[in-house]
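Letters A, B, ... mirror the listed sequences (proteins, then strands); counts begin at 1.
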There are 2 protein chains.
Amino acid sequence: MPDVSGTGPEESFLAAYNPADHPPFAVTADLALLAVERGELFVLTRRRASHPFEGRLGLPSGFLGETESAGEAAERIAREKTGLGTSVAVEQLKTYTAPDRDPRMRVVSVAHVGIAATMNARLPKVVADGQTQWTRCADLKGAEMAFDHAEILEDAIERIASRMEFTLVAARFLPEAFTLSQIRMVYAAVWGVDLDPGNFQRKILASGTLEETGERYLASGGRGAPAKVYRPRVTGDPLRPAFLSPPLRRA
Amino acid sequence: MPDVSGTGPEESFLAAYNPADHPPFAVTADLALLAVERGELFVLTRRRASHPFEGRLGLPSGFLGETESAGEAAERIAREKTGLGTSVAVEQLKTYTAPDRDPRMRVVSVAHVGIAATMNARLPKVVADGQTQWTRCADLKGAEMAFDHAEILEDAIERIASRMEFTLVAARFLPEAFTLSQIRMVYAAVWGVDLDPGNFQRKILASGTLEETGERYLASGGRGAPAKVYRPRVTGDPLRPAFLSPPLRRA
DNA sequence: TAAATAGTGTCTCTCAGACAATATCTT
DNA sequence: AAGATATTGTCTGAGAGACACTATTTA
């Protein structure tokens with residue numbers, strides 16, 4: 001009969017735990033920061049300058065500080081790599097723990113997804129370190145990335161794509177106010193489909209998550225009628241996007 | 001201008017990383033193992049025998065082995081604590097990283113959800129260590145649990161509840177073959193709602209994920225007509241439950 | 001026979017998607 | 001005026017939920 005003392009394996013382990021006795025785990029936060037420009041989806045990447053995977057593209061990443069949660073670390077990384085302010089909202093995605101995912105040592109990575117708002121139809125500025133850049137997600141399909149970052153990116157896009165069915169997260173890709181064709185292009189970019197402008201408009205307005213600003217704006221740049229400008233209807237928490245009811249389902 | 005060398009913070013960190021120099025992170029896999037008996041949802045718990053949270057209920061948990069992924073560790077824990085065979089399928093849920101979640105040291109917990117199949121309408125056997133037991137989830141609502149395990153449990157139930165809308169995961173709570181009222185009671189237990197028997201039957205059969213075995217079985221124990229027995233229609237991967245099309249949406 | 005469960009049928013309402021039609025604006 | 005975009009309207013079919021009704025079996 002095991003455990004006669006009534007003390008389980010993890011309790012006795014921790015009671016006797018001596019840090020120096022065990023090979024440590026390193027814990028990082030990785031970040032897939034997404035943005036949309038001209039109907040195309042981009043992700044923030046860093047080209048690796050050293051071993052391992054030298055020369056390949058990877059996602060920004062960093063170790064957790066001693067008093068920092070993984071989410072806080074991911075937000076810090078987003079701030080450090082972009083010209084965005086303090087308000088980069090990131091969401092935890094999944095944790096990658098394969099023992100050999102980093103050839104140097106055991107590294108557990110808590111991956112996050114974030115969305116960067118496009119202002120004036122331009123991708124946000126990134127630090128000029130010669131490594132950090134926005135990369136078209138379409139160009140990364142099937143491409144070799146560092147570590148398991150290709151898998152993380154794929155999971156990240158799928159997470160946001162599915163969140164967009166039920167919430168207004170898509171608005172995070174845009175400035176505070178935007179036209180319906182702008183947000184429709186965000187949906188189209190992330191889902192990789194074309195959307196009927198009429199049906200899209202009827203559905204997203206029916207969800208009651210948007211309100212008119214009273215202004216009009218010619219988002220298309222060229223011809224056509226200027227469209228009404230909308231903003232998300234404020235719900236209690238500005239970080240949590242409004243809930244779409246009925247949802248905007250993918251096909 | 002930072003990083004003139006072109007070497008980013010994480011690369012230089014890892015290159016210079018010396019395990020003994022840094023306070024290590026411990027990484028555990030926690031498991032919320034769910035089961036349904038007589039229309040009620042249960043979770044596998046362990047009553048803590050020592051500090052911290054002595055006397056409180058917690059979820060089974062264990063450290064990752066050196067060559068073990070978090071998912072493998074969670075499956076190992078499920079096997080060790082129950083009389084179930086090797087085929088306990090678990091899914092990663094979320095990682096909990098608050099710096100003070102364990103008062104003794106920095107512990108990052110990769111939480112998992114699992115489902116245990118109820119055979120002969122009885123919960124699976126658990127190891128007789130005097131600590132491990134099945135606990136009614138309804139009794140844990142608002143109860144004090146060890147660490148952040150109450151939050152993990154809540155997230156776990158929500159995850160399974162939402163998976164059940166689009167897949168046949170509900171069948172994992174049951175033996176290989178079952179009646180429609182049995183699987184309806186799984187839905188009712190996890191979702192916490194009553195379901196119209198007629199509508200449920202029409203919808204789940206329309207999804208095309210079940211096939212008749214040709215047998216009949218009186219699941220209710222007492223009166224009533226014996227119901228047809230069904231089994232999941234096999235799709236390629238036996239671990240991945242069939243996809244419900246159209247889905248069975250919650251209200 | 002009464003009661004409980006299994007299974008089917010019907011009706012209504014909502015919503016999705018296809019697509020036509022009109023309005024508005026720039027070149 | 002021509003062309004592009006914005007916006008509204010119409011039609012059809014699928015599905016959800018409410019609920020009535022029949023069939024089958026045991027107490």
Side-chain angles (χ1 to χ4, degrees), chain A residues 38-39 121 162 164-166 174 177-188 191-231 243-251, chain B residues 38-39 121 162 164-166 174 177-188 191-231 243-251:
Chain A
R38 302 161 148 271
S162 97
M164 290 196 331
E165 300 186 37
F166 297 95
L174 300 171
F178 45 82
T179 67
L180 297 188
S181 45
Q182 284 180 308
I183 194 171
R184 174 167 45 84
M185 279 170 62
V186 171
Y187 274 88
W191 284 353
V193 297
D194 278 335
L195 293 169
D196 179 279
N199 291 336
F200 179 85
Q201 176 148 350
R202 177 163 35 82
K203 282 157 65 176
I204 199 150
L205 288 182
S207 77
T209 53
L210 294 179
E211 61 187 13
E212 295 186 23
T213 63
E215 295 167 9
R216 285 183 171 272
Y217 174 64
L218 183 53
S220 52
R223 330 208 184 166
K228 287 181 186 169
V229 175
Y230 293 83
R231 72 174 139 248
F243 199 87
L244 296 182
S245 168
L248 250 168
R249 307 306 310 284
R250 277 184 285 185
Chain B
R38 301 161 148 272
S162 94
M164 290 196 330
E165 300 186 37
F166 297 95
L174 300 171
F178 45 81
T179 68
L180 297 186
S181 45
Q182 284 180 306
I183 195 172
R184 191 186 69 236
M185 279 170 63
V186 171
Y187 275 88
W191 285 353
V193 297
D194 278 335
L195 293 168
D196 179 279
N199 291 337
F200 179 86
Q201 177 148 351
R202 175 163 38 79
K203 281 157 62 176
I204 199 151
L205 289 182
S207 76
T209 53
L210 295 179
E211 61 187 12
E212 295 187 22
T213 64
E215 295 166 10
R216 285 184 169 272
Y217 174 64
L218 184 53
S220 53
R223 329 207 185 166
K228 287 182 185 168
V229 176
Y230 294 83
R231 72 174 141 249
F243 199 85
L244 296 182
S245 167
L248 251 167
R249 308 303 312 284
R250 277 184 284 185

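In this structure, D194(B) places its CG atom 14 Å from P of dC19(D), rounding to the nearest Å. Between the P atom of dG7(C) and the NZ atom of K203(B) lies a distance of 17 Å, rounded to the nearest Å. If you take CD1 of I204(B) and C1' of dT8(C), they are 17 Å apart, rounded to a whole angstrom. Taking atom CZ of R249(B) as the reference point, atom P of dC15(C) lies 13 Å away to the nearest angstrom. Put simply, CG on L244(B) is 15 Å from C1' on dA16(D), counting in whole angstrom units. One can place CG of L210(B) at 12 Å from P of dG7(C), the figure rounded to the nearest angstrom.
Remark: D196(B) pairs with no residue by the side-chain hydrogen bond (donor to acceptor under 3.5 Å, both in side chains) rule, at least two apart or across chains. Residues passing the side-chain hydrogen bond (donor to acceptor under 3.5 Å, both in side chains) test with E212(B), sequence neighbours excluded: K228(B). Partners of F200(A) by ring-ring contact (aromatic ring centres under 6.0 Å, His included), not counting sequence neighbours, listed by chain and number: Y187(A). For R231(A), the salt bridge (charged side-chain N to carboxylate O under 4.0 Å, His left out) criterion is met by E211(A), not counting sequence neighbours. In this structure R216(B) satisfies the side-chain hydrogen bond (donor to acceptor under 3.5 Å, both in side chains) test with no other residue, sequence neighbours excluded.
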Indicate for each nucleotide in nucleotides 2-12 of chain D, in 5' to 3' sequence, whether protein heavy atoms under 4.0 Å reach the base (B), only the sugar-phosphate (S), or nothing (-). -SBBSBB-B--
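Summarising the geometry, atom CE belonging to M164(A) is positioned 8.5 Å from atom CD1 belonging to I183(A); distances are rounded to the nearest 0.5 Å.
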